[in-house]
Each structure stands twice: as structure tokens, then as C-alpha cells.
Amino acid sequence: MITERLVLRKWSADDVAAVVGDGRSAHWAEDFPAEGDRVIAGVIAQLSDHENEYGHRQIVERASGLVVGSLSLFWPPSDGALEIGYGVVPSRRGRGYAPEATRALVEYGLSAPGVHAVFARVELANPASIRVLEKAGLHRWTADGGMTAHFGTALPEPNRSRP
């Protein structure tokens, strides 16, 4: 997937192994991987088929070719809904990369058969992440009365009958 400033590409087996093994790659930003990237690489390493069409992606800055974060659609959908998660390394925050990448992956997720909604869970104490979701076009759906809220978007009712 390509956006105006980013490439969202599947994790390679080499990148997964490097992150899990605390390695380094020349095509990573100096502060990649962040903790969330390590978690995702660990998840991918445990999957029998990490090449799932709808799944985990690295965020690559087109101008530099460097990996600057990652995002995921957590497959399979539950009742037609996919959860999304994202992270951009500190050196690239504030550039609008997270909303740009999130918006593209949400659109992609909504194109999957049987998917009619994409949502994210966010801590209410994280206003930057809330802004990312709002800029990506997600809306606040619920709050649990505590520390987190769900933001999401859904296809209009007529489009939900897809296989």
C-alpha cells in the first residue's frame, strides 16, 4: 500500500527475526523498533502464516526509505469488526504519519470480505493517540467509564451484506 508519503509493507521474515533478536538494519530509523514494534514482531513470529493479506505492516517513509513504525489489523474479524493498532517512532512523530497510515489501513480493512467496521482502543490519558484516530476519520463509539475508549468507523448498512 502506498500513501502520499508512506509505504505500508508487510513485515519481512528478516525484519521480524532482527527485531525479535534485538538486531539492527540499515533501513530502519535510528529509533526503530519502539516497544510496540517489538511486541508486534513477537506476535508475528508466533504466527504460522504471517503473510496474511490483512495484517501487520511496517510504516516506511517514502522520502528516506526508512522504517519509522508499524501498524496492524488484528485478524480475524470479530462479528465483522477488525481492531487496528499503530505506532510511529519518536523521531518521526508530529509529521502526520500515524493518521495517514491509519486512514489507509482502515480503508484497506473495510475492503476485506465480511468486514464492516474497524476500531481502535485508546487510553483516554493519551490525547495524541486520540487525535491520530480523529484525523484518520474514526469517531468515538464508546468509553468504558474508566481509562479507555473505542474509536471506529463502519460501512453504511447497505454495504454490510458483502460475503
Side-chain angles (χ1 to χ4, degrees), residues 1-11 15-16 19-20 22 24 27-44 52 54-112 115-157 159-160:
M1 255 178 285
I2 298 175
T3 70
E4 181 182 339
R5 300 173 299 154
L6 306 169
V7 174
L8 307 180
R9 71 170 180 226
K10 293 178 184 178
W11 281 74
D15 278 348
V16 171
V19 170
V20 170
D22 289 327
R24 291 286 316 147
H27 68 272
W28 295 351
E30 63 279 357
D31 49 351
F32 181 88
E35 183 56 33
D37 304 310
R38 287 184 182 87
V39 170
I40 290 300
V43 168
I44 296 168
N52 188 317
Y54 304 94
H56 309 288
R57 300 280 192 267
Q58 290 181 322
I59 302 171
V60 179
E61 189 176 54
R62 287 177 65 184
S64 69
L66 297 175
V67 177
V68 298
S70 61
L71 70 167
S72 298
L73 287 172
F74 297 101
W75 198 262
S78 175
D79 295 324
L82 284 172
E83 184 173 359
I84 191 169
Y86 52 87
V88 172
V89 295
S91 67
R92 298 309 197 278
R93 290 182 187 157
R95 299 179 187 196
Y97 289 171
E100 183 176 332
T102 300
R103 188 172 31 259
L105 201 60
V106 165
E107 290 173 11
Y108 186 67
L110 288 171
S111 73
V115 174
H116 62 80
V118 176
F119 72 95
R121 298 169 210 243
V122 63
E123 293 181 11
L124 294 173
N126 188 346
S129 193
I130 290 170
R131 281 192 306 278
V132 165
L133 295 171
E134 291 171 341
K135 287 179 181 180
L138 283 73
H139 306 282
R140 187 172 178 162
W141 281 353
T142 63
D144 66 7
M147 313 271 282
T148 62
H150 286 89
F151 281 71
T153 189
L155 294 172
E157 286 294 328
N159 294 332
R160 291 188 183 187

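Everything numeric here is computed off the predicted structure, so don't read it as measured data.
- Residues R57 and K10 meet the side-chain proximity criterion, which asks for heavy atoms closer than 4.5 Å.
- The two residues S72 and I40 come nearest to each other via the heavy atoms OG-CD1, 3.6 Å.
- In this structure, OG on S111 lies 9.5 Å from CG on L155, to the nearest 0.5 angstrom.
- Between V43 and F74 the shortest side-chain heavy-atom distance does not fall below 4.5 Å.
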Would you list the atom pairs, donor with acceptor, under 3.5 Å between side chains in residues 31-38 and any protein atom, with sequence neighbours excluded?
| from | atom 1 | to | atom 2 | distance (Å) |
| --- | --- | --- | --- | --- |
| D31 | OD1 | S91 | OG | 2.8 |
| D31 | OD2 | S91 | N | 2.8 |
| D31 | OD2 | S91 | OG | 3.2 |
| D37 | OD1 | S70 | N | 3.4 |
| D37 | OD1 | S70 | OG | 2.5 |
| D37 | OD2 | A34 | N | 2.7 |
| R38 | NH1 | P33 | O | 3.0 |
| R38 | NH2 | P33 | O | 3.4 |

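- Here the shortest heavy-atom pairing between V89 and A29 reads CG2-CB, 4.3 Å.
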Requested in this report: Run the numbers on I130 and R140 for side chain to side chain contact (heavy atoms under 4.5 Å, CB included), then give the verdict.
Outcome: CA-CA 9 Å; I130 290 170; R140 187 172 178 162; over 6 Å; no
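- Counting only heavy atoms from C-beta outward, the side chains of V118 and Y108 never approach each other to under 4.5 Å.
- Remark: R131 pairs with no residue by the side-chain hydrogen bond (donor to acceptor under 3.5 Å, both in side chains) rule, at least two apart or across chains.
- Nearest heavy-atom pair, W75 versus A112, reported as atom, atom and distance to 0.1 Å: CH2-CB, 3.9 Å.
- Partners of H27 under the side-chain contact (heavy atoms from CB on, under 4.5 Å) rule, at least two apart in sequence or in another chain, are R9, D15, S25, V67.
- Checked against ring pair (Phe, Tyr, Trp, His ring centres under 6.0 Å), F119 has the following partners two or more places apart in sequence or in another chain: H150.
- Closest approach of A101 to L71, counting heavy atoms only: O-CD1, 3.5 Å.
- Taking R93 as the reference, V88, P90 meet the side-chain contact (heavy atoms from CB on, under 4.5 Å) condition, with sequence neighbours excluded.
- Distance OG1/T3 to CD/E100: 3.5 Å, rounded to 0.5 Å.
- L82 CG to H116 NE2: the interatomic distance, rounded to the nearest 0.5 Å, is 9.5 Å.
- Every residue was checked against the side-chain hydrogen bond (donor to acceptor under 3.5 Å, both in side chains) condition with T153, not counting sequence neighbours, and none meets it.
- Here the side chain of R5 pairs no donor or acceptor atom with the backbone of A63 at under 3.5 angstrom.
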Report task. Output, in order, the C-alpha distance, side-chain angles, deciding distance and verdict of side chain to side chain contact (heavy atoms under 4.5 Å, CB included) for I59 and L8. Result -> CA-CA 5 Å; I59 302 171; L8 307 180; 4.0 Å; yes
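- Within the structure, salt bridge (Lys or Arg N to Asp or Glu O under 4.0 Å) contacts touching residues 66-87 (residues at least two apart or in different chains) are E83-R121.
- Remark: R92 pairs with E61 by the side-chain hydrogen bond (donor to acceptor under 3.5 Å, both in side chains) rule, at least two apart or across chains.
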Would you give me the side-chain donor-acceptor pairs under 3.5 Å for residues 122-129, sequence neighbours excluded?
| from | atom 1 | to | atom 2 | distance (Å) |
| --- | --- | --- | --- | --- |
| N126 | OD1 | S129 | N | 3.1 |
| S129 | OG | Y86 | OH | 2.4 |

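- Counting all heavy atoms, side chain and backbone alike, V16 lies closest to A41 at CG1-O, 3.6 Å.
- Residue M1 comes nearest to A104 through the heavy atom pair SD-O, 3.9 Å, listed as atom of the first residue, atom of the second, then distance.
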